[in-house]
Amino acid sequence: MRIITLLTDFGHADPFVGIMKGVILGINPRVQIVDLCHGVSPQDVLEAAFLLKCSYRYFPKGTIHLVVVDPGVGGMRKGLVAEGRHGYYVAPDNGVLSYLFASGEIRRVVEITAEAYLLHPVSQTFHGRDVFAPVAGHLSRRSGIDRFGQATRRPVRLRLPVSTKKSARVLVGSILHVDRFGNLITNISGREISALHPERGITVSIKGRTMHGLEQSYDRLKPGETGTILGSAGYLEIFANQRSAARLLKAGRGVAVRVEGGRRHKRG
Amino acid sequence: MRIITLLTDFGHADPFVGIMKGVILGINPRVQIVDLCHGVSPQDVLEAAFLLKCSYRYFPKGTIHLVVVDPGVGGMRKGLVAEGRHGYYVAPDNGVLSYLFASGEIRRVVEITAEAYLLHPVSQTFHGRDVFAPVAGHLSRRSGIDRFGQATRRPVRLRLPVSTKKSARVLVGSILHVDRFGNLITNISGREISALHPERGITVSIKGRTMHGLEQSYDRLKPGETGTILGSAGYLEIFANQRSAARLLKAGRGVAVRVEGGRRHKRG
Amino acid sequence: MRIITLLTDFGHADPFVGIMKGVILGINPRVQIVDLCHGVSPQDVLEAAFLLKCSYRYFPKGTIHLVVVDPGVGGMRKGLVAEGRHGYYVAPDNGVLSYLFASGEIRRVVEITAEAYLLHPVSQTFHGRDVFAPVAGHLSRRSGIDRFGQATRRPVRLRLPVSTKKSARVLVGSILHVDRFGNLITNISGREISALHPERGITVSIKGRTMHGLEQSYDRLKPGETGTILGSAGYLEIFANQRSAARLLKAGRGVAVRVEGGRRHKRG
């Protein structure tokens, strides 16, 4: 059974997501629909891009990821269907697939132009229902993205907030996402941390507070104490045991984080 | 595979919805359950009625819509099973199907009296679990609503907040729903707008603010600017590009909206 | 088709739940996944334990309940798979199954040690994805819990907040849960209430307010009036018709509730 996941900023106060599922099931009653997340901040394309990147690998190969975070709905922005090494992606052409372009996951992209696959009349405000859900539904019945439109070579790519190396021992990054527990997820990867030789000691600073060393689990610290850990998405996280680090540090997305690696022990 | 949708005011902080799904799957393990929306304002029957009306057409024919917004649970209000042109409906008899009665969607209604289909002992506070979910589960296994009770001719109907025509060129309506993005959905339909000849110019006023013309997409306006558009449910919407119109205009459900059509160009 | 339910404190702002579903479906594409509830207060093991106890009976026999409320993730706490009379349970060993141990539902428990069933590398912060979801997925394909590890005899049990009998006619309990509507669910069971002979008159006191008698439905009272009722989970509830009792009484979890049974009519 084919899987379609849904990633949107539609929240849970409206029937938008339910309606999209109705449209999909009308096209393919045998598909398995999974809610990836509907709590993306309204119209926050970069956040959705990051969450998609952290998630797609955990689904079976061939899963179709339908992303609707779409501030440009009804305007000039295009719609995309992409084929990746691991999955398929149906989304507005607004940069929400940027991480997947950057990582090489996506191999081919077409622009959605085939009117026959859309729900008519196409509204001006809900392409999730009228464009993206029907395209995902049809794709789940039969593979092959070329019937939806022409290949496109220049999809929109966001400038991704990457960390920068200040010196051999110093990295500066920023907070990319705050999760439900108030953990602060940075854009500094485990690989970058490893290159700083954390076994020699590492120091992380945010908003004037400095933390030493990486913890092995949240509960190594006292309740309310802040620390750092390698998070499940593969990035450095700042947390407070049993509390919200976001609230304690009054920190949110975009706040700068500085990481300093340890010095090599001098010999002799 | 038969589909049952769930529309409730149960929110997401409790296992109410999950429990209803358990009951349904115990009766029919092969049914596909879809969450339509659980974010209806607590006990707001009219809001649920409106959201159901905007949604049911997007599901395959024969879909069963289970609605539990039920301030009168455990009291004298009855339970209904209805057969429509497009779908089936299982709900308390409190007016939540009013739009579907008004539009002619519903053709026959029975009052739920057959004890054999209920989960005993029936609680005083959770008929979603003990009455409506089991009835929907049984209905999904075999069509035909008559085994659940006697036909009823006088189901409760709410007075729906319709727009009123003040003159040939002026309509007054109100806000029916505020969506996740803060868009204000009115009860003035696209058909009513068309009759005002919007191509000659149209003016929409709410809380002392006046907007001219209908936009073709949100992003035709500058971020934060307010405008009007024909929304995806077929009604006039007031929006603010990339912002919440509800917050900017301090407007919510029930607030009056005035629409004035354009004058015919005088000749000569 | 086997059912797996998910009960977590992950909320809806992150893709944690969606990712767990991806992992499960990668192992068993034919399983039916049901969201029991993701709105458990962050890291509130006791609340999750209570909600699970109120829910599991409504699912078909053999349902697998996956619980991830896990403040000790990555530390020394163990993971459990339990076989019950009614269902199966996969959860951290932190007391979240306490009610099911106390009631005799659970018959056998093993500690998860079989590395072959986990998703490697196992992260320090998301065992829902790397430990519990894969174990539940494998269990849904084939019954038998012994392949996951050794039987354990001393799983963690919480001290459950039980009501206490002050005299033959007086019980003191507390609020265990506040639901979406602001209803206050106590830990005083219907059986305990029955033993107080409520037909002779019963008095419930909370925060200095006293209510007389049990209502048969919410709408027996005027809107905003507070009363008591036997709730759907089998416990005494304090409610306010069409309002939030929690807000009106400024009461939440842990607040004391006193119940006094009626006096026997004197004869002669």
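None of these values were measured; they are calculated from a predicted model. Lettering of chains follows the sequences in order, A, B, ..., and the numbering in each one begins at 1.
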Side-chain heavy-atom pair B:Asp9, C:Phe181 within 4.5 angstrom cut-off: yes
Interface residue of largest heavy-atom contact number with chain B, from C:Lys61, C:His177, C:Arg180, C:Arg57, under 4.5 Å: C:Arg180
Minimal non-hydrogen separation, B:Gly22 against C:Pro60, with atom names: O-CD, 3.8 Å
Residue selection (most heavy-atom pairs with chain C, distance under 4.5 Å) from B:Gly11, B:Ala13, B:Gly74, B:Pro15: B:Pro15
Interatomic spacing from OG1 in B:Thr125 to CD in C:Glu215 - rounded to 0.5 Å: 13.0 Å
Main-chain N/O of C:Tyr58 paired to B:Arg129 side chain as donor or acceptor, under 3.5 Å: no
Closest-packed option against chain B by number of heavy-atom pairs under 4.5 Å, given C:Leu36, C:Leu230, C:Asp219: C:Leu36
Residues, nucleotides or ligands: over 12 heavy atoms within 6.0 Å of C:Arg107 CZ: yes
Nearest-0.5 Å distance, OG of residue C:Ser55 to NZ of residue B:Lys21: 12.5 Å
Inter-residue atom distance C:Phe59.CZ - B:Ile24.CD1, 0.5 Å rounding: 10.0 Å
Any side-chain heavy-atom pair of B:Pro29 and C:Gln32 under 4.5 Å: no
Approximate separation, where rounding is to 0.5 Å, of C:Gln216 CD and B:Met76 CE: 12.5 Å
Crowding at CZ, C:Arg247 (>12 non-hydrogen neighbours, <6.0 Å): no
Min side-chain heavy-atom separation B:Phe10-C:Asp179 under 4.5 Å: no
Largest heavy-atom contact set with chain C, pairs under 4.5 Å, which of B:Leu25, B:Val23, B:Asp130, B:Ile33: B:Leu25
B:Arg77 versus chain C, the contacting section by heavy-atom distance below 4.5 Å: neither
Rounded distance [0.5 Å steps], NE2 in B:His12 versus NE2 in C:His38: 9.0 Å
Gap between atom CZ of B:Phe16 and atom SG of C:Cys37 - 0.5 Å precision: 9.0 Å
